[in-house]
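Every chain is numbered from 1 and lettered A, B, ... according to where its sequence line falls, protein lines coming before strand lines.
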Amino acid sequence: MYFDSLSAAMTMGGHGGYVWSAYAITFLVLGVVILRPILSSRRLRRDIRSELARKATVSGVSNAS
Amino acid sequence: MWRIVHQFGSPPWVYRFCERVIPWLLPITFTALVIGSLWGLLYAPTDYKQGDSYRIIYIHVPAAVVALAGYYVMAAAGLVSLVWKIKLADTAMRAAAPIGAAYTAIALITGAIWGKPTWGAWWVWDARITSMLILLFLYLGVIALFEAYENKAIAARACAVLSLVGTVNIPIIYKSVDWWYSLHQPASIKFTGPSAIDASMLYPLLGMIITFYALFAVLMMINLRDLLLDDHRSSAWLKKQLEA
Amino acid sequence: MTEYQGQSGFEYLRAQTGRHLSLLISKPSEMLNPLFFFLLVIILFPIGLGPEREVLSDLAPGILWVVALLSNLMISQRLFVDDFDDGSLEQLVFAPVPLALAALPQLLAIWLTSGLLLALVSPVFALMLGLPEQALIPLMSSLALGSAVMCLLGGVGAALTVGVQRGGILLGLLILPLYIPVLIVGSRAVTEAVLTGGDPTVPLAFLGAALTASLLLAPFAIAAGLRISLEL
């Protein structure tokens with residue numbers, strides 16, 4: 001590590017607040033951009049699957065009768 | 001050769017491809033992102049002029065570079081969709097827009113945070129900052145135009161035209177802003193050119209640029225998969241895919 | 001359309017320009033709207049900034065150009081809207097000239113009655129802001145050239161958004177980024193003229209080049225936009 005101690009890495013000679021907040025905001029924005037489509041895909045897949053299952057049971061009932 | 005081209009235009013093939021590679025690529029790129037950030041934050045040496053605030057460069061510059069490249073990706077997809085009427089190109093264009101906007105926003109926000117300790121102000125009307133701000137508006141325009149249309153097929157065509165018009169304008173905007181800036185303020189603010197950077201700083205920077213490109217590609221796939229699910233929810237191939 | 005048969009492309013364009021001009025002139029209040037907007041906003045600046053002559057004349061090139069840009073944005077929002085609503089926009093497709101050319105008469109008429117008009121009366125407002133006399137000609141020519149470029153760019157945005165509900169603010173978002181270079185070069189032309197030893201011909205030449213380029217390219221984008229909006 002370039003810094004002598006963890007606290008030196010946190011403060012970075014007075015610039016720590018700027019640097020760490022910049023990285024935090026970047027990871028926050030990237031997190032939103034990554035998670036939003038993943039969660040939406042998961043919901044869509046669940047919707048489509050449950051629709052398929054419902055159709056399957058309906059056709060199964062009509063076949064049996 | 002033609003089969004490969006054909007495969008790229010086929011939604012089932014692309015969907016399956018995304019399904020297969022995302023579980024691998026996403027963790028790998030994210031790990032690379034974390035490692036690159038820690039390298040830049042903790043292991044790269046301090047800049048003797050700017051002190052440690054320069055460490056923002058490891059996210060700021062990659063985000064800015066890829067944000068600009070992303071616009072060309074989006075416009076190229078728009079061109080393909082207009083000329084060859086490939087529907088998947090529409091989807092790719094829609095997938096690229098929010099990522100590009102997010103990257104541009106990251107570049108602007110980190111630039112502002114970097115500006116405070118370096119120039120003493122959160123915002124400076126520097127040529128590059130101004131150009132990035134305009135780029136953000138270009139991205140937001142494409143997203144807003146898509147949302148405004150009811151008919152999504154027509155919306156995609158309109159966005160393709162808009163992104164192409166934007167492509168013609170981006171060099172003009174950059175040049176004119178540069179010109180305006182150079183006449184307004186003599187070079188009081190200057191970035192060190194990449195060649196002036198020491199290797200111990202250059203390698204993490206290059207690594208982060210590559211990582212940001214890779215993350216853009218992975219995010220494209222994640223968005224593509226989501227949009228394909230939404231567009232093809234009643235297609236037979238998707239049902240078969242999800243039943244398996 | 002039968003009524004256009006026997007007309008050459010050139011006659012058609014001239015007739016259309018005349019039609020649009022008389023339509024615009026028949027509603028003078030609407031035609032003068034951008035001009036009144038320009039006047040109102042220009043008056044607000046000295047009141048907001050204070051009456052110091054030096055401050056005002058320093059800021060005058062920027063103020064005049066920004067307000068002119070906003071008036072041009074207002075003008076763009078009216079482009080194609082009436083024709084879209086009454087269906088005459090669809091007739092353009094049957095014109096004896098390509099669609100890219102068929103949309104030009106309307107743009108020309110709008111520019112003549114708003115952009116050029118604004119450029120012609122701008123010295124009055126410029127003198128109110130204390131702009132030096134030697135900058136008046138560069139101001140007028142930069143506004144005339146720049147508003148033509150903005151009219152063409154606005155035409156692209158208007159063609160893309162004319163079919164959209166509440167397209168106004170969307171149009172602003174779409175075309176303001178495209179206006180930025182025009183604003184930079186246009187206000188530079190005026191600033192150069194104010195400075196001692198400045199030369200406004202270079203920025204004016206850039207505006208001329210921008211006009212030529214947009215005359216060549218914008219009609220195709222406008223035609224593509226109109227086809228999309230008309231769902232053809």
Heavy-atom cut-off 4.5 Å, strictly under: side chain, backbone, both or neither for [X] against chain A?
X        : result
B:Leu228 : neither
B:Leu219 : side chain
B:Phe30  : side chain

Atom pair [atom1] ([X]) and [atom2] ([Y]), whose distance is rounded to the nearest 0.5 Å:
X        : Y        : atom1 : atom2 : value
A:Tyr23  : B:Leu41  : OH    : CG    : 4.5 Å
B:Arg233 : A:Leu44  : CZ    : CG    : 5.5 Å
B:Ile222 : A:Ser41  : CD1   : OG    : 8.5 Å
B:Thr29  : A:Ile34  : OG1   : CD1   : 7.5 Å
A:Ser21  : B:Lys116 : OG    : NZ    : 13.0 Å

For B:Lys87, does the NZ atom sit with more than 12 other heavy atoms under 6.0 Å from it, leaving out its own atoms?
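No, the 6.0 Å shell around NZ holds no more than 12 heavy atoms from other groups.
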With a cut-off of 6.0 Å (strictly less than), are more than 12 heavy atoms of other residues, nucleotides or ligands near OH of B:Tyr203?
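Not buried by this count: 12 neighbours or fewer within 6.0 Å.
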Report yes if the side chains of [X] and [Y] come closer than 4.5 Å at any heavy-atom pair, otherwise no.
X        : Y       : result
B:Lys239 : A:Arg49 : no
B:Leu33  : A:Phe27 : yes
B:Ile113 : A:Ile25 : yes

Evaluate the criterion side-chain contact (heavy atoms from CB on, under 4.5 Å) for residue pair A:Arg45 and B:Gln241; output intermediate values, then yes/no.
CA-CA 10 Å; A:Arg45 263 187 301 233; B:Gln241 181 77 28; over 6 Å; no
Measure across A:Thr26 and B:Ile59 and return the closest heavy-atom pair with its distance rounded to 0.1 Å.
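Closest approach of A:Thr26 to B:Ile59: OG1-CD1, 3.1 Å.
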Would you mind telling me which of B:Asn223, B:Asp226, B:Leu229 makes a side chain to side chain contact (heavy atoms under 4.5 Å, CB included) with A:Ser40?
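Output: one option passes, namely B:Asp226.
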Could you tabulate the donor-acceptor pairs under 3.5 Å formed by side-chain atoms of residues 102-112 of chain B, not counting sequence neighbours?
unit_1: B:Tyr103; atom_1: OH; unit_2: B:Phe212; atom_2: O; d: 2.9
unit_1: B:Tyr103; atom_1: OH; unit_2: B:Phe216; atom_2: N; d: 3.3
unit_1: B:Thr104; atom_1: OG1; unit_2: B:Gly100; atom_2: O; d: 2.6
unit_1: B:Thr110; atom_1: OG1; unit_2: B:His60; atom_2: ND1; d: 3.1
unit_1: B:Thr110; atom_1: OG1; unit_2: B:Ile106; atom_2: O; d: 2.7
unit_1: B:Thr110; atom_1: OG1; unit_2: B:Ala107; atom_2: O; d: 3.2

What part of A:Arg43 gets within 4.5 angstrom of chain B, counting heavy atoms only: side chain, backbone, both, or neither?
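A:Arg43 has no heavy atom closer than 4.5 Å to chain B.
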